[in-house]
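Order of the sequence lines fixes the chain letters, A, B, ..., with proteins taken first and strands second; residue numbering starts at 1 for each chain.
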Number of protein chains: 2
Amino acid sequence: MSTIYDVARLAGVSPKTVSRVLNGDGPVGERTREVVEAAMRELGYVRSNAARMMRAQKSGIVGLITGAISTKNQPSTQQGLPDLYIVQGIQRALDASGMTLMIADTGGRQDRVPKLIDTFLSHRVEGLIYVAEYHQPVDLPPVPEDTPLVLANCYDDRGTPAVLPDDRRLQADLVRRLIGAGHRRIAMLALRPDMAAGRLRPLGYRDALAETGIAFDPALLAHVDFDQPETGPQLLWDTIDRLLRLDAPPTVLCCGNDQMALMVYGILRSMGRRVPDEIGVAGFDNYRAIAETLYPPLTTVELPYNAMGVRAGERLLQLISGEGRDDHRPVLVAGPVHWRGSVNELRTATVVSLMTQREETK
Amino acid sequence: MSTIYDVARLAGVSPKTVSRVLNGDGPVGERTREVVEAAMRELGYVRSNAARMMRAQKSGIVGLITGAISTKNQPSTQQGLPDLYIVQGIQRALDASGMTLMIADTGGRQDRVPKLIDTFLSHRVEGLIYVAEYHQPVDLPPVPEDTPLVLANCYDDRGTPAVLPDDRRLQADLVRRLIGAGHRRIAMLALRPDMAAGRLRPLGYRDALAETGIAFDPALLAHVDFDQPETGPQLLWDTIDRLLRLDAPPTVLCCGNDQMALMVYGILRSMGRRVPDEIGVAGFDNYRAIAETLYPPLTTVELPYNAMGVRAGERLLQLISGEGRDDHRPVLVAGPVHWRGSVNELRTATVVSLMTQREETK
DNA sequence: TCCGGCTATGACATCGGTGTCATGACATCG
DNA sequence: CGATGTCATGACACCGATGTCATAGCCGGA
């Protein structure tokens, strides 16, 4: 691969002049510029970042680590889809600033993280992002103080800047919308309470109830470990069966995520209950391959992974530029409710009055 | 960040000795090594890849480009899931060789590819991989001859090394297994014929029929553009309706992919047909979030994206080392059939005789 | 005892850009 | 007309690691 020296020789100028043409600093004669540019084209010259970076002491590289770090065993669920969207968002944010993204995967082995960080440091990354597969606490090995770090979809107890899904608010938004549609008996099939989402979403559920003056009924809230290969479906079946036998059964089931909703569809069908006429179903995530393909399409709330990535990227750029280094508050990201055919609108009149009421309370 | 000079000064030796400790070339005294290592620890020294690479003329970096490049408009389908698995596989392959992966996304804009390639070249990547979202032809801008390029999940007409899913064989394996289970009237709901998968999978379907001496019935093969938001479900409904009204209706429906199978479940349910007792359903992809969660779980064939990534990574490493540069044959990757509850085994006796027969013909 | 060979170490040049400073040719101003 | 300023350009050092070559000390064999 050719160098500025080759270009300089071919153009009959000094290397420094070529450098000036490249960077547009310092003055260069009209004629000279043309000659140099022609020489660069002829040689197919591409600047070496390594050399440039040695002087500049700036790499223009950001390191990204994905993969399991949590000390707990994996909750098996989704197959790492969120990561991808978050990574795409990060790329989008960084792209605008000319940074290049270098990524590495732990392959699920926490012990490899220090080595990955070392590799990144040897490339003199200007910042690091760690992306988790699902909302969780993590415990990362220490990074040098002068290298900014942002956590995406996870958090630690050291105040490292984090970007997180606002599970509580998202669930509240969804339930609020269900109430707006006239539903009063809303059941919630939550995820395992040892997952952040399993704790925060029920809180949002209760927020929405409290706000609209509906009493919380403990019989309507259950945590279901639905994705255990053997026991999961049975457990879910039993839980739904119990709910439907209540004196005042729910008119809609809020599922812990869209995948659970998919399973719930199958169970309700086997029970001979029609969705949405006999009972409504709502999901969480807006996992489109499921939500849009199910019949009827699934009402759900979008967990905006892409936007989270963008926010994480922006936060990191901010830190790199030196701003907000002592702001330790996490960035919470919410998304829209997608209202589809899996939940009926009940008593339209009531809906209107309720929505009006909400407007007034603002 | 500290340098070998800092380390050398602190340890009271020359920079070159520090370099020797780092790389383990040249002899170093026992005592000296200890002193140097202590100094490195104290300073938190990390070697600069930029400097190292200037001499070595080797970056240890591989560039990866993802995103839409095809000139055609996007077939909307899956949300870029395959990419992720392929990328993971690539990482796994490269990781073993100590290469670092740098990735960039086109964000769906083909015109940005040349710029991305330039960025990678400026980092002096030792090789490039382009990953497509689904099996398709692509037309990449030229890359310098001495930089190896591997295409994953796509191919071009210039003989660039490619790693592709063996759609034809995968479909044949699945259909063969269905025939082994006693099915004779097998319908195929194929993807659009302008997609590679939409052409190759029907070929595999026919391969399996021909092999087992079952006549191909054109009435049983249909291409369905199922993921059009409006017309898709209706079209799929009509097609299934037509199939079920045939004089000899199919006993199993082979769907173009798992997502279509999900929609087919909903349609069959609405038609009042039970799966698998009245009709079997098979998918394609082993998109686990769907295949394992559906009730009954979906029989499907695994399109091994992860393995494709590994193969692509290995192929690239091979090219980088200079081997197989003039082998232009694509690498085809197949995967296992996952037999789950969505298809019944018919007439067990026949199954045994058929399988025996297959063994014999080998 | 002397020399070849090995070990341990350092001086120095080099990779490819870029920051600093110097230089020569003109243009401008008092 | 000479002092000063601007433009266009080049010489040179430097970033941090490493390859090449040199050197000093030591051991063993002739």
Subject >> Spacing between B:H123 atom NE2 and C:dC15 atom C1', to the nearest angstrom >> reply: 18 Å
Original post:
Which whole-number value in Å describes the distance from B:M1 CE to D:dC15 P?
Top reply: 17 Å
Original post:
Where along residues 22-38 of chain B does a heavy atom come under 4.0 Å from DNA chain D, residue by residue in number order?
Top reply: B:N23, B:D25
**OP:** Could you run through DNA chain C and flag its stems, i.e. three or more consecutive Watson-Crick or G-U pairs with both distances under 3.5 Å?
**Re:** C:1-30 with D:1-30
Original post:
Any donor and acceptor pair, going by atom type alone, linking the side chain of A:R112 with main-chain N or O of A:D105 inside 3.5 Å?
Top reply: yes
Got a list of side-chain donor-acceptor pairs under 3.5 Å for residues 316-323 of chain B, not counting sequence neighbours?
from	atom 1	to	atom 2	distance (Å)
B:Q318	OE1	B:R315	NH1	2.9
B:S321	OG	B:Q318	O	2.7
B:S321	OG	B:E323	OE2	3.2

**OP:** Under 4.0 Å from any atom of DNA chain D, heavy atoms only: list the residues of residues 7-20 of chain A that qualify, in numerical order.
**Re:** A:V13, A:S14, A:K16, A:T17, A:R20
Subject >> Any side-chain heavy-atom pair of B:L164 and B:Y155 under 4.5 Å >> reply: yes
**OP:** Please list, chain by chain and in numerical order, all residues satisfying ring pair (Phe, Tyr, Trp, His ring centres under 6.0 Å) with B:Y45, sequence neighbours excluded.
**Re:** none
Original post:
Salt-bridged, B:D139 to B:R158, with N to O below 4.0 Å?
Top reply: yes
Original post:
Does the pair B:I61 and A:H123 meet the rule for a side-chain contact (heavy atoms from CB on, under 4.5 Å), with working shown?
Top reply: CA-CA 10 Å; B:I61 299 174; A:H123 283 282; 3.7 Å; yes
**OP:** Give a yes or no on this: more than 12 heavy atoms of other residues, nucleotides or ligands lie within 6.0 Å of atom CZ of A:R311.
**Re:** no
Original post:
Do you see a donor-acceptor pair shorter than 3.5 Å between the side chains of A:S14 and A:T17?
Top reply: yes
**OP:** Compare every heavy atom of B:L128 with every heavy atom of B:F120, then report the nearest pair and how far apart it is.
**Re:** CD1-CD2, 3.5 Å
Original post:
Do the non-hydrogen side-chain atoms of B:V21 and B:M40 ever get within less than 4.5 Å of each other?
Top reply: yes
**OP:** Answer yes or no: is there a donor N or O on one side and an acceptor on the other, between the side chain of A:E126 and the main chain of A:S59, under 3.5 Å?
**Re:** yes
Original post:
How many Å lie between OH on B:Y5 and P on D:dA13, as a whole number?
Top reply: 15 Å
Subject >> Backbone of A:L121 reached by a side-chain donor or acceptor of A:R124 within 3.5 Å >> reply: yes
Original post:
CG of A:L121 versus C1' of D:dG16: gap in Å, rounded?
Top reply: 16 Å
Original post:
For DNA chain D, which residues in residues 44-60 of chain A have a heavy atom at a distance below 4.0 Å?
Top reply: A:M54, A:R55, A:Q57
Subject >> Charged N-O contact under 4.0 Å between B:R9 and B:D6 >> reply: yes
